[in-house]
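Step one of this worksheet: look at the structure below.
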Amino acid sequence: MSIKESIKSQHHATLMMLRGAIEKCPNNLWVDSDYINPFWHIAYHVLFYTHFYLQPTQEDFIPWEKHRDDITSLEPSVKELEPYSKEELLEYLNLCLAQVESQVNAMNLEAESGFYWLPFNKLELQIYNIRHIQQHTGELCERLGAHGEIEVDWVGKK
């Protein structure tokens, strides 16, 4: 398996785990304001940055058609905002899966990251991106478990 195939496989695996967390999240937990960041907000944050860091550069990024600038970072001020629905975020997740295929195939893994604040190459950027997805997916899975023994299956590879 090539490096690009491995990168795509691990992106897919982490995104499929995120899909499981989104699908299994009870509606009341989806918007629960007892947490600093509601479930939906963390899920959107993950998908936004997944999509963003798959692009060649910041300037090449074309936001998802339902993107809202006010909620990309994990700031607690989103509690008053209208949440995305599960269906909307699953739609965005599908877009990210498609982006993994097209963008990784076209990527020069030895090129600079394309993001001035990330001083490493594209290969390391993709490892960084996968780690980011998995960190927050783990948080959401932990929240699901604490909410009622809800488990998300581990996905090892595509």
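Worth knowing before you read on, the calculation uses all heavy atoms, side chains too, and leaves out hydrogens, waters and symmetry mates.
Ring centroids of Phe52 and Trp64 are separated by 6.0 Å or more, keeping the two rings apart. Remark: aromatic rings of Phe48 and Phe61 are close, center separation under 6.0 Å. In this structure, His136 has its ring center no closer than 6.0 Å to that of His41.
The minimum heavy-atom distance between Glu88 and Pro83, with the atom names listed, is OE1-O, 4.4 Å. Heavy-atom minimum distance, Lys4 versus Leu109: CG-CD1, 3.8 Å. Residues Ile62 and His51 approach most closely at O-CE1, 3.3 Å, considering heavy atoms. Nearest heavy-atom pair, Phe115 versus Lys122, reported as atom, atom and distance to 0.1 Å: CE1-NZ, 4.1 Å. Closest of all the heavy-atom pairs between Gln103 and Pro56 is OE1-CD, 3.8 Å. When all heavy atoms of Cys25 and Leu144 are compared, the closest pair comes out as CA-CD2, 3.6 Å.
With contacts defined as side-chain heavy-atom distances shorter than 4.5 Å, the pair Glu110/Leu123 does not qualify. Looking only at side-chain heavy atoms (C-beta outward), Ser102 and Leu54 stay at 4.5 Å or farther from each other. Taking the side chain as every heavy atom from C-beta outward, Ile133 and Tyr49 never approach each other to under 4.5 Å. For the pair Arg68/Tyr44, no side-chain contact is recorded, criterion being any heavy-atom separation below 4.5 Å from C-beta on. For the pair Val46/Thr50, a side-chain contact is recorded, criterion being any heavy-atom separation below 4.5 Å from C-beta on.
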> Between Asp153 and Met16, is a side chain to side chain contact (heavy atoms under 4.5 Å, CB included) present by the stated rule, with each step listed?
Replying inline: CA-CA 9 Å; Asp153 294 330; Met16 294 313 291; over 6 Å; no
> Can Gln126 and Gln10 be said to form a side chain to side chain donor-acceptor pair (under 3.5 Å), step by step?
Replying inline: CA-CA 10 Å; Gln126 295 319 300; Gln10 291 304 304; over 6 Å; no
> Can Arg19 and Leu90 be said to form a side chain to side chain contact (heavy atoms under 4.5 Å, CB included), step by step?
Replying inline: CA-CA 7 Å; Arg19 177 190 301 279; Leu90 290 171; 3.8 Å; yes
>> Assess the residue pair Ile7 and Ile3 against the criterion (side chain to side chain contact (heavy atoms under 4.5 Å, CB included)); give the C-alpha distance rounded to whole Å, side-chain angles, the decisive distance to 0.1 Å, and a yes or no.
In response: CA-CA 6 Å; Ile7 290 168; Ile3 291 173; 3.8 Å; yes
> After noting the C-alpha distance and the side-chain angles of Cys96 and Leu15, does the key distance pass the side chain to side chain contact (heavy atoms under 4.5 Å, CB included) rule?
Replying inline: CA-CA 8 Å; Cys96 289; Leu15 288 168; 4.3 Å; yes
> Given His132 and Tyr128, is the ring-ring contact (aromatic ring centres under 6.0 Å, His included) satisfied, shown in steps?
Replying inline: CA-CA 6 Å; His132 181 252; Tyr128 177 91; 7.2 Å; no
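Between Lys8 and Glu101 there is a salt bridge, since a side-chain N of the basic residue sits under 4.0 Å from a carboxylate O of the acidic one. A salt bridge links Glu91 with Lys66: the closest approach of a Lys/Arg side-chain nitrogen to an acidic carboxylate oxygen falls below 4.0 angstrom.
For the side-chain contact (heavy atoms from CB on, under 4.5 Å) criterion with Asn129, the lone passing option out of His11, Glu124, Gln134 is His11.
Glu59 CD: more than 12 foreign heavy atoms inside a 6.0 Å radius. The local environment of CD in Glu112 is sparse, with at most 12 non-hydrogen atoms from other residues, nucleotides or ligands closer than 6.0 Å. In Leu118, the CG atom is crowded: over 12 heavy atoms of neighbouring residues, nucleotides or ligands sit closer than 6.0 Å. In the displayed structure, Glu142 atom CD is contacted under 6.0 Å by at most 12 heavy atoms of other residues, nucleotides or ligands.
Expressed to the nearest 0.5 Å, how far CG of Leu140 lies from CG of Leu29 amounts to 8.5 Å. Distance check: Ser113 OG to Tyr53 OH gives 8.0 Å after rounding to the nearest 0.5 Å. Remark: Leu89 CG to Asn94 CG distance equals 11.0 Å, nearest 0.5 Å. Distance CG/Asn121 to CD1/Ile127: 8.5 Å, rounded to 0.5 Å. Expressed to the nearest 0.5 Å, how far OG1 of Thr137 lies from CD1 of Ile130 amounts to 11.5 Å. From Glu65, atom CD reaches atom CG of Leu95 across 8.5 Å, with rounding to the nearest 0.5 Å.
Looking at His67 and Tyr92, their side chains never bring a donor and an acceptor atom within 3.5 Å of each other.
Applying the ring-ring contact (aromatic ring centres under 6.0 Å, His included) rule to His147 yields no partners; only residues at least two apart in sequence or on another chain are considered.
Geometrically, Arg143 does not engage Phe39 in a cation-pi contact, judged by NZ or CZ lying under 6.0 Å from the ring centre and within 45° of the ring axis.
Between Tyr84 and Trp40, the two ring planes are perpendicular [angle over 60°; tilted spans 30° to 60°].
With Lys157 contributing its side chain and Ala13 its backbone, the two residues share no donor-acceptor pair below 3.5 Å.
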